[in-house]
Amino acid sequence: MSIINGNQFIERIDQLGTKVWYHGQEIKGKLSEHSAFKGLMRSQAKLYDLQADPTKQALMTWTSETSGNPVGTSYLPPRTTEDLEKRRLAIQEWAKESLGMLGRSPDYMNTTIMALGTSADILSEESPRHSENMQNYYEFVRENDLSLTHTFILPQVNRSQFYIEDPQEMIAAQIIGETDEGVIVHGARLLATQGATTDELLVFPSGARLPHMKTAEPMAYAFAIPNNTPGLKFYCRDSFVGGESHFDHPLSSRFEEMDTIVVFDHVLVPWERVFLHGNINVNNRLYHDSGFFSQTTHLIASKNVVKIESFLGIMKAIIETINIGEYQHVHEKISEVIVGLEAMKGFIHSSEKSAKVNQWGVLTPDPNPLQAAVFYYSKFYPRMAEIIQLLGASGLVSTPTEADFNSSGGDDLRHYLKTSTVNGEEKVRLFRLAWDASISSFGGRQQLYERFFFGDPVRLASILYKQYQTDAFEERIRSFINDND
Ligand SMILES: Cc1cc2nc3c(=O)[nH]c(=O)nc-3n(C[C@H](O)[C@H](O)[C@H](O)COP(=O)(O)OP(=O)(O)OC[C@H]3O[C@@H](n4cnc5c(N)ncnc54)[C@H](O)[C@@H]3O)c2cc1C
């Protein structure tokens, strides 16, 4: 097996029979025919088709060292700056298909699993078997072009640092037992975006450092299982698909990525899928030493360049459509977004320029500019949504539907909503896109996503604060103030 196409993706997910709960019921039919998932699955299938397109092979694939088959570029362990650039361009090629709105397109986890697979050595501190399992899993996922969802955090029961869960009412998933076949996991985890529409689930500890205590050990675990593993359930939130019409709901009809709560009901995880089992030291080294942060944030920043470009495109189209380009505050707002775009490109460039080859021969982008990029973007993205609102004003809600334009009132609407450049229908088509990007429930979730998907921005800021080397600057100031010359 090697890269798959869109149909193979859809068939595989439909046949899986994952236990997905939506609006109080377990979904029985094909997910690709369900209103909450079909738009997303079609969009994701297009990504696989693009990857399989013979004219895109040079960019979107590389030759697997083990099978000799073409595999996705997002699985590529970069060895050279050319590799890093190729991966960035491949990610952006996919991101353009969704205007950057798919946060969890398959490349996200493909790159994650590459980072963890190539550095699997870290896991051998606990057991060589775990390291082998991780390497095998990376190969298995890559060679079968599997799509993964993931859950890295625990339920929001009590976030006090002093909270210890009452063992009598277990909520956060834990390993509760072992058999000859594997470990038994019971409890819940958050938050598997695309939990319903992927092949497998990767479970890793949260990025937080765990204390070296017996009570922390049950939280230090990592494994991967197919989404249809017995006892595994995915509970969906409400769907934000506004409807099927691309005119009415240009983004949510295509790119609504369902978030799910994952419940493990005495789930058996086979030993060959266990990567970590209680070792706090390994838990605490995992993300930093593996290059996970650098590789995934490089992917995220690359995707974000496309997303900012898309927002810039929407803003400029609004400005042209209602002819507000002469006003200085409009220039200032657009300049703000241009600065954001150039900053994002600069963060990536800097991370690639000072990338270093790690001990496993993988070229790892410099984490500093990328941590800065993630922190910056969590604040910049809501500002872009705000700028769309400030430019679009009432146009964002003067938005009759496709049915209205197809009705007897259509001519009225085409006439009375026209602008000096386009007819009313064309104007509404654009403004509905702007609304879906900035105001709709889809747009609101996108803002929440960009603030939190990679972790709490407050705690990310603390990591940056603690890791960034400022000794030389402090020293410069001390010698300046002590210099009486
Ligand atoms: C749309 C969306 C999609 C997501 N998709 C995924 C996914 O696919 N997979 C996945 O694993 N996760 C996913 N996440 C979860 C994401 O990783 C978390 O939202 C993030 O790590 C923050 O954790 P939390 O939501 O539990 O917030 P909490 O940790 O509960 O934080 C809530 C508030 O309390 C504050 N707070 C809590 N603890 C501390 C502390 N120790 N120090 C300072 N302040 C604190 C926070 O600053 C924040 O203001 C997603 C989140 C969103 C919103």
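Positions are given from 1 along the sequence. In listed order, ligands and their atoms are each counted from 1. Keep in mind it's a predicted model, so treat the numbers as computed, not measured.
Checking atom 34 (O) of ligand 1 against the protein gives no heavy-atom contact under 4.0 Å. Note that atom 5 (N) of ligand 1 has protein non-hydrogen atoms nearby, at separations under 4.0 angstrom.
Every atom of ligand 1 with a heavy atom of Thr151 under 4.0 Å away is listed here by number and element: 11 (O). Close approach of ligand 1 to Leu190 (heavy-atom distance below 4.0 Å) involves ligand atoms 11 (O). Close contacts of ligand 1 with Phe452, meaning ligand atoms under 4.0 Å from a residue heavy atom, involve 16 (C), 17 (O), 18 (C), 19 (O), 20 (C), 22 (C), 53 (C). Residue-ligand proximity, Leu448 to ligand 1, at heavy-atom distances under 4.0 Å covers atoms 53 (C). Atoms of ligand 1 lying under 4.0 Å from any heavy atom of Val458, numbered from 1 in the order shown and given with element: 47 (O). Taking a cut-off of under 4.0 Å to the non-hydrogen atoms of Thr193, the atoms of ligand 1 that pass are 3 (C), 4 (C), 5 (N), 6 (C), 7 (C), 8 (O). Every atom of ligand 1 is numbered from 1 in the order shown, and the set under 4.0 Å from a heavy atom of Arg445 is 1 (C), 3 (C).
Looking from atom 7 (C) of ligand 1 to the surrounding protein, the closest heavy atom is Leu191 O, 2.5 Å. The protein heavy atom nearest to atom 27 (O) of ligand 1 is Gln156 NE2, 3.7 Å. Of all protein heavy atoms, the one lying nearest to atom 21 (O) of ligand 1 is Gly455 CA, 3.3 Å. Distance from atom 15 (C) of ligand 1 to its nearest protein heavy atom, with residue and atom name: Ile153 CD1, 3.7 Å. Regarding atom 36 (N) of ligand 1, its nearest protein heavy-atom neighbour is Arg459 NH2, 3.7 Å. Phe152 N, 2.6 Å is the protein heavy atom nearest to atom 11 (O) of ligand 1.
Distances between N or O atoms of Ala192 and those of ligand 1 include no value under 3.5 Å. Any N or O atom pair closer than 3.5 Å counts here, and Gln161 shares no such pair with ligand 1. Remark: ligand 1 and Asp259 share no N or O pair separated by less than 3.5 Å (distance only, no angle test). At least one N or O atom of Arg159, backbone or side chain, sits closer than 3.5 Å to an N or O atom of ligand 1.
The only option from Trp435, Phe255, Phe240 that meets the ring-ring contact (aromatic ring centres under 6.0 Å, His included) definition with His249 turns out to be Trp435. For the ring-ring contact (aromatic ring centres under 6.0 Å, His included) test with Phe275, the passing option among Tyr137, Tyr138, Phe223, Tyr221 is Tyr137; the others fail.
Inter-residue side-chain proximity for Ile176 and His266 is flagged as met; some heavy-atom pair is nearer than 4.5 Å. In this structure, the side chains of Arg254 and Arg42 stay at 4.5 Å or more apart for every pair of heavy atoms. The shortest side-chain heavy-atom distance between Phe264 and Arg189 falls under the 4.5 Å cut-off.
A distance-only check finds a donor-acceptor pair linking the side chain of Asn133 to the backbone of Trp271 [under 3.5 Å].
Legend: salt bridge (Lys or Arg N to Asp or Glu O under 4.0 Å) pairs involving residues 90-118, not counting sequence neighbours, sorted by first then second residue: Lys56-Glu93.
Glu132 has no carboxylate O lying under 4.0 Å from a charged side-chain N of Arg129, or vice versa, which leaves the two without a salt bridge. Ion pair Lys345/Glu342 flagged as a salt bridge, since at least one NZ, NE, NH1 or NH2 atom sits closer than 4.0 Å to an Asp/Glu carboxylate oxygen. In this structure, Glu126 does not pair ionically with Arg285, as no charged nitrogen and carboxylate oxygen lie closer than 4.0 Å. With respect to Lys303 and Glu450, a salt bridge is recorded, a charged nitrogen being found less than 4.0 Å from a carboxylate O.
Heavy atoms of His150 found under 4.0 angstrom from ligand 1 belong to the backbone as well as the side chain. Within the 4.0 Å heavy-atom criterion, both parts of Asp456, backbone and side chain, lie near ligand 1. Within the 4.0 Å heavy-atom criterion, the part of Arg104 lying near ligand 1 is the side chain and not the backbone. If you look at Phe453 next to ligand 1, the close heavy atoms, those under 4.0 Å, all belong to the backbone.
Aromatic pair Phe311/Tyr381: ring centres closer than 6.0 Å.
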Kindly indicate, with the supporting measurements, whether the criterion side-chain contact (heavy atoms from CB on, under 4.5 Å) is fulfilled by Met258 and Leu40. CA-CA 9 Å; Met258 176 61 78; Leu40 170 72; 5.8 Å; no
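No side-chain donor from either of Ser131 and Asp121 sits under 3.5 Å from a side-chain acceptor of the other.
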